[in-house]
Structure formats: structure tokens, C-alpha cells
Amino acid sequence: MAWFTIPVENLMCRCLCIFITVWLTLLIVFIMVPAVLGISFGIRRLYMRTLLKIFEWATSQMEMGAKEKNQQLYNPCNGIIAKKPPTSLQQDLQELRGSASCPRSEPQFEMADIFFFCRRGVESILDDEVTKRFSSQELDSWNLLTRSNYNVRHISLRLTVIWGLGVLVRYGVLLPLRVTLAVTGIGLLVVLTTLLGFLPNRELRFSLSEKIHLMCHRICVRALTAIITYHNRENKPKNGGICVSNHTTPIDVIILANDGCYSMVGQVHGGLMGMIQRAMVKSSPHIWFERSEVKDRHLVAKRLSDHVADKTKQPILIFPEGTCINNTSVMMFKKGSFEIACTVYPVAIKYDPRFGDAFWNSSKFGMVYYLLRMMSSWAVVCSVWYLPPMNREEGEDAVQFANRVKAAIAAQGGLVDLIWDGGLKRAKVKDAFKEEQQNLYSKVLLGEQDEGDLGDDQHLEDENPEEDERNQDPTKEQ
């Protein structure tokens with residue numbers, strides 16, 4: 001028996017060695033070297049076009065199968081309720097009262113007014129603008145991911161085989177490769193930035209740090225099979241400014257850092273994240289705050305101002321929404337970042353949901369589970385637009401400036417511009433919002449307001465200077 005066992009063991013060892021050699025060769029030649037040189041062989045875009053053709057074929061097969069069985073393939077989603085076109089509060093009340101007369105000079109309340117507020121309340125409960133921004137975006141077609149369409153049942157044997165092959169490719173080939181690349185990129189970032197910290201020459205340290213950060217972020221981008229299209233690169237953020245962007249996922253940082261270096265702002269963490277922060281700050285001027293310092297917004301503002309005043313330092317990257325939104329809209333920007341006297345560089349990021357859901361629902365998924373979902377998806381496909389730099393105009397306050405930047409990002413990215421605070425994902429509505437609606441109604445009763453609706457863009461941040469420090473703290477925006 002020993003004669004038969006030894007050759008088999010030798011054969012297995014040889015096969016394993018050959019597999020590891022081929023794996024490392026492909027990893028180094030087709031991924032590591034292009035990442036270091038900043039070039040691409042076009043393999044990922046070819047992979048994306050192939051996926052689109054497979055999706056189109058799978059969708060046609062599903063539609064044919066559903067038609068034969070007289071089944072509804074997708075649930076049409078045109079809104080739970082039919083809302084009226086936006087009109088003024090006064091017009092709505094007059095319609096309910098059954099009178100088109102002009103507003104009276106004396107306050108007058110009618111019982112019919114109650115129905116208006118009841119209708120608005122029911123609309124908000126059933127189909128409000130806020131909570132649906134914290135759930136995954138609906139797809140019009142199936143992308144062969146089980147989690148993207150739970151209405152799909154067995155359609156045909158060929159489609160089932162394609163789906164099974166997709167599972168094998170994603171979990172058997174792509175996931176191990178992506179995990180290897182992610183570990184390599186993070187490991188190189190920690191080791192190389194730590195070694196750079198020992199260089200005495202500041203200019204040489206910063207110069208090498210930019211190259212190392214770009215290389216490591218490019219490796220991490222390949223770990224997600226990210227296919228990114230950058231537009232208007234002539235508007236890329238420059239030193240001495242602040243880059244602001246809409247926020248969908250933590251990998252927004254990697255998407256932007258793949259095309260340029262930024263200084264990060266955030267709170268000091270422990271564990272692996274803390275180790276990465278300590279290594280990064282040794283080689284480049286990132287801004288990390290202790291937990292006790294975060295509450296001191298004057299200290300935060302001073303450190304940010306000192307950073308942008310030094311034109312040799314990289315631009316600061318901040319996500320003013322303060323939380324992740326599902327890439328269908330842009331919510332209220334915290335004004336703290338816009339109180340700094342410097343140039344703001346807006347950036348719009350739009351993900352393609354057909355290849356995978358990039359939205360991170362932090363209240364539902366932990367970071368590790370979310371990254372595994374991303375690495376087991378088909379790819380991360382997105383477009384990045386660099387908008388022209390913007391500055392505060394004369395007589396414009398921080399809130400107005402923030403809203404102007406937000407509107408520009410929403411328009412460029414094809415996103416819905418909302419006035420609501422993203423913090424409503426975890427917090428209750430502030431009393432100031434409720435009081436504002438009461439003030440609007442009282443003005444209508446007094447005849448002091450001819451136009452306006454309960455949905456008007458009333459920016460309450462100016463009227464509530466005692467609001468929580470989170471709205472003015474840029475560190476909470478990361």
C-alpha cells in the first residue's frame with residue numbers, strides 16, 4: 001500500500017505547488033504590477049460588458065418563462081399612494097373648506113383643516129421621503145444574485161445552470177482572489193506607511209506617501225473588481241481645499257483615493273482600524289480626533305482651518321451627509337465643513353446597482369458582513385464627476401452655501417435633492433421641524449403667507465442655534 005500512497009501524495013503536492021505558482025503569477029502580473037504602474041489592461045471592462053450580455057439574456061429568458069406560465073415577474077413599484085402635485089398650503093385648505101375666497105384678516109379655524117393634516121400624516125407613514133432612502137435600491141431586472149430578487153422562481157434549466165455557475169465563480173474564484181488582494185493592499189499600506197514614518201526628510205516622506213497610498217488603494221479597488229469612470233478630471237481637488245461628496249458606502253473613500261490622495265478626518269478607533277490610522281498618520285497629514293476632542297467643535301474647526309491654510313497639504317475629504325444613503329438621493333449637508341474659509345470641491349458619485357448593491361445599511365449589516373457581500377457580488381461599477389470648485393458668495397451663510405453645493409451634486413449625479421437630515425435614520429424628528437409646520441399654519445390663518453407648503457425647503461438650521469453638536473462637527477461626517 002505504501003507504494004501506491006507515496007506517488008499519490010507527490011502528485012497532490014506537485015499539483016498544489018503548480019496551482020499556487022499560477023495563482024501568484026496571475027496575481028502579480030495582471031493585478032499587482034498594473035496597480036503599481038497605474039495602468040489597466042481593460043480586463044475589468046471586458047468582464048463588465050460580458051456580464052451585461054448575460055444579464056440581458058437571463059432577463060429575456062425569465063420574461064419568456066413568466067409569460068408562458070402567466071406569472072408576474074416583477075412587482076410594479078409606482079408608489080404606494082398617489083400624491084397630488086405640490087401646491088400651496090393655502091390652496092389645499094381652501095379646497096377642503098369648499099371656498100375659494102381670499103384669506104380672512106382674522107384668525108379662523110375650521111374643522112375641515114384637520115383632514116388636510118390627517119392626509120399628510122397618512123402619506124408620511126405609508127410612503128415618506130426619508131426612510132425609503134435607507135433601504136436598498138429597487139432593480140428593474142435580475143442580476144443573477146439571489147438577494148436581488150426574491151420573486152424569482154425556477155424558470156428554465158438553462159437559467160438555473162447559469163445561476164449555479166455564477167455562484168461557483170463568485171464564491172469559488174472571485175471571493176478568494178478579492179480577499180487575497182484586500183489583505184495584500186491593507187498589509188502593504190500598514191507596513192510601508194509605518195516604515196515611511198522613520199524618514200527624516202518631510203518632503204521626501206510626503207512624496208513617497210502619495211505613491212504608496214495610490215498603489216495600495218488601487219490594489220483595494222481591484223479587490224472589489226471596481227470599474228470606475230472619472231469625468232472632468234480638470235476639476236480634481238487641489239491642496240488647501242475641502243472635497244465634499246455624497247455618501248453611499250465606506251468604499252467611497254477607496255473610489256476617490258484611487259484617483260488622488262486626500263487627508264482623512266475622523267475619530268480615533270481601536271483594533272485593526274486604529275492600527276491603520278496610526279500607520280497612515282505617520283506618513284501623511286491626516287486629522288484624527290480623540291473622543292474627548294470631538295465634542296469641541298471650535299478645536300475641530302481650528303485644526304481643519306490650519307490644515308487648509310497649508311497649501312502643501314492634501315485636500316481634506318469629508319462626507320457632509322454624516323451617514324450612508326442608498327444612492328438615490330442626497331440628504332442635508334452638515335454646515336460645519338462649509339464654515340471653513342477655503343475652496344470647496346464638490347464630487348458626485350453614482351453606483352450602478354445592476355452589478356451589486358453598494359449601499360451600506362449600518363443598522364442592519366456589520367462592516368465585515370457588508371464587505372463579504374461586496375466581494376461576493378459581481379463588481380462595483382460607478383461614475384465619479386468632479387464639479388467646478390465653489391466658494392462662499394458675499395452675504396451667503398454656511399447653510400446656504402451647503403445647500404448650493406448639495407444641489408449641484410444632486411443635479412450632476414441624477415439624485416433627488418432632499419432637505420431632511422440623514423440623522424433621522426437613528427434619531428427622532430427635532431421639535432424645531434414640528435414647530436416650523438405649526439408656524440406655517442398659523443401664518444395662513446393670520447393671512448401672512450400667500451405661498452408655501454408644508455414640504456417647502458425650510459432650512460431650520462439657522463433657526464435652531466442650540467441644535468446638537470453633530471450638525472456642526474465635521475468629524476461626525478466621516
Side-chain angles (χ1 to χ4, degrees), residues 31-32 34-36 38 40 44 48 174-175 177-193 209-231 233 236-237 243-266 269 272-273 275-277 279-281 283-284 286 288 314-319 321 323-325 327 345 347-352 355-360 362 365 367-386 413 477-478:
I31 298 178
M32 300 291 291
V36 173
S40 175
R44 285 174 293 168
M48 180 185 70
L174 295 180
L175 182 59
L177 175 63
R178 291 167 175 174
V179 171
T180 303
L181 289 174
V183 172
T184 302
I186 295 174
L188 286 175
L189 180 65
V190 172
V191 173
L192 295 180
T193 52
S209 174
E210 289 186 359
K211 293 179 172 58
I212 289 174
H213 275 78
L214 281 175
M215 179 189 70
C216 294
H217 284 116
R218 286 168 180 166
I219 294 175
C220 291
V221 161
R222 285 162 172 78
L224 297 167
T225 315
I227 301 139
I228 313 167
T229 304
Y230 296 97
H231 304 271
R233 279 180 163 164
K236 286 177 60 175
C243 174
V244 297
S245 172
N246 57 303
H247 198 24
T248 305
T249 163
I251 66 174
D252 290 337
V253 176
I254 301 175
I255 298 298
L256 294 177
N258 176 67
D259 195 43
C261 292
Y262 298 89
S263 292
M264 310 298 175
V265 180
H269 294 276
L272 176 61
M273 182 63 69
M275 182 176 64
I276 297 174
Q277 287 181 322
M280 291 173 62
V281 79
S283 60
S284 57
H286 299 284
W288 309 127
Q314 302 159 350
I316 299 174
L317 176 59
I318 293 179
F319 301 103
E321 287 172 297
T323 189
C324 294
I325 313 299
N327 208 225
Y345 296 87
V347 176
I349 305 177
K350 180 65 176 179
Y351 291 89
D352 191 336
F355 300 90
D357 182 19
F359 170 59
W360 180 40
S362 57
F365 303 120
M367 175 63 75
V368 175
Y369 181 74
Y370 167 76
L371 291 177
L372 288 176
R373 282 173 58 94
M374 293 301 300
M375 290 184 180
S376 60
S377 296
W378 291 113
V380 175
V381 181
C382 67
S383 296
V384 176
W385 290 272
Y386 296 109
E477 296 159 9
Q478 290 292 3

J.: Can you find a pair of side-chain heavy atoms, one from Val384 and one from His231, that are under 4.5 Å apart?
T.: no
J.: Within the structure provided, determine whether Tyr230 and Ser383 are in side-chain contact (heavy-atom separation under 4.5 Å).
T.: no
J.: Within this structure, what is the SG-CD distance for the pair Cys261 and Gln314, rounded to the nearest 0.5 Å?
T.: 5.0 Å
J.: Between Cys220 and Ile254, which heavy-atom pair has the shortest distance, and what is it?
T.: CB-CG2, 4.1 Å
J.: Under a plain distance cut-off of 3.5 Å, with no hydrogens placed, do His217 and Asn258 share a side-chain donor-acceptor pair?
T.: no
J.: Write down the atom of Cys382, the atom of Ile255, and the distance for their closest heavy-atom approach.
T.: SG-CG2, 3.8 Å
J.: Can you measure from CG (Leu256) to OH (Tyr262) and round to the nearest 0.5 angstrom?
T.: 5.0 Å
J.: Between Met375 and Arg178, what is the shortest heavy-atom contact and its length?
T.: O-NH1, 2.5 Å
J.: Rounded at 0.5 Å granularity, tell me how far SG in Cys324 sits from CG in Asp252.
T.: 7.0 Å
J.: Tyr351 and Thr248: side chain to side chain contact (heavy atoms under 4.5 Å, CB included), yes or no, with the steps?
T.: CA-CA 9 Å; Tyr351 291 89; Thr248 305; 3.9 Å; yes
J.: Please report the interatomic distance CG(Asp259) to CD1(Ile228), rounded to the nearest 0.5 Å.
T.: 8.0 Å
J.: I'd like to know whether Val265 forms a side chain to side chain contact (heavy atoms under 4.5 Å, CB included) with Leu317, so could you lay out the CA-CA distance, the side-chain angles of the two residues, the decisive distance to 0.1 Å, and finally the verdict.
T.: CA-CA 7 Å; Val265 180; Leu317 176 59; over 6 Å; no
J.: Please find the pair of heavy atoms, one from Ala379 and one from Thr225, that lie closest to each other, and give the distance.
T.: CB-O, 3.3 Å
J.: Sub-3.5 Å donor-acceptor pair from the side chain of Asn327 to the main-chain atoms of Lys350, do we have one?
T.: no
J.: Give the C-alpha distance, both sets of side-chain angles, the deciding distance and a yes or no for side chain to side chain contact (heavy atoms under 4.5 Å, CB included) between Met215 and Leu192.
T.: CA-CA 11 Å; Met215 179 189 70; Leu192 295 180; 3.8 Å; yes
J.: Is the Lys NZ or Arg CZ of Arg373 less than 6.0 Å from the centre of Phe365's six-membered ring, within 45° of the axis?
T.: yes
J.: Measuring from atom CZ of Arg222 to atom CG of Leu177, what distance do you get when rounded to the nearest 0.5 angstrom?
T.: 11.5 Å
J.: Looking only at heavy atoms, what is the nearest atom pair of Thr184 and Thr180, with distance?
T.: OG1-O, 2.7 Å
J.: Report the C-alpha separation of Val381 and Met48 in whole Å, then their side-chain angles, then the decisive distance to 0.1 Å, and conclude whether the side chain to side chain contact (heavy atoms under 4.5 Å, CB included) test is met.
T.: CA-CA 8 Å; Val381 181; Met48 180 185 70; 3.8 Å; yes
J.: Between His286 and His213, how do the two ring planes meet: parallel, tilted or perpendicular, split at 30° and 60°?
T.: tilted
J.: Between atom CH2 of Trp360 and atom NE2 of His247, what is the distance when rounded to the nearest 0.5 Å?
T.: 8.0 Å
J.: If we ignore angles and hydrogens, is there a donor and acceptor under 3.5 Å between the side chains of Asp357 and Tyr370?
T.: no
J.: Check whether Ser245 reaches the backbone of Val347 with its side chain - one donor and one acceptor, N or O, closer than 3.5 Å.
T.: yes
J.: I need the minimum non-hydrogen distance between Arg44 and Ala226, along with the two atoms involved.
T.: NH1-O, 2.7 Å
J.: Without swapping roles, check the side chain of Trp288 against the backbone of Gln277 for a donor-acceptor pair under 3.5 Å.
T.: yes
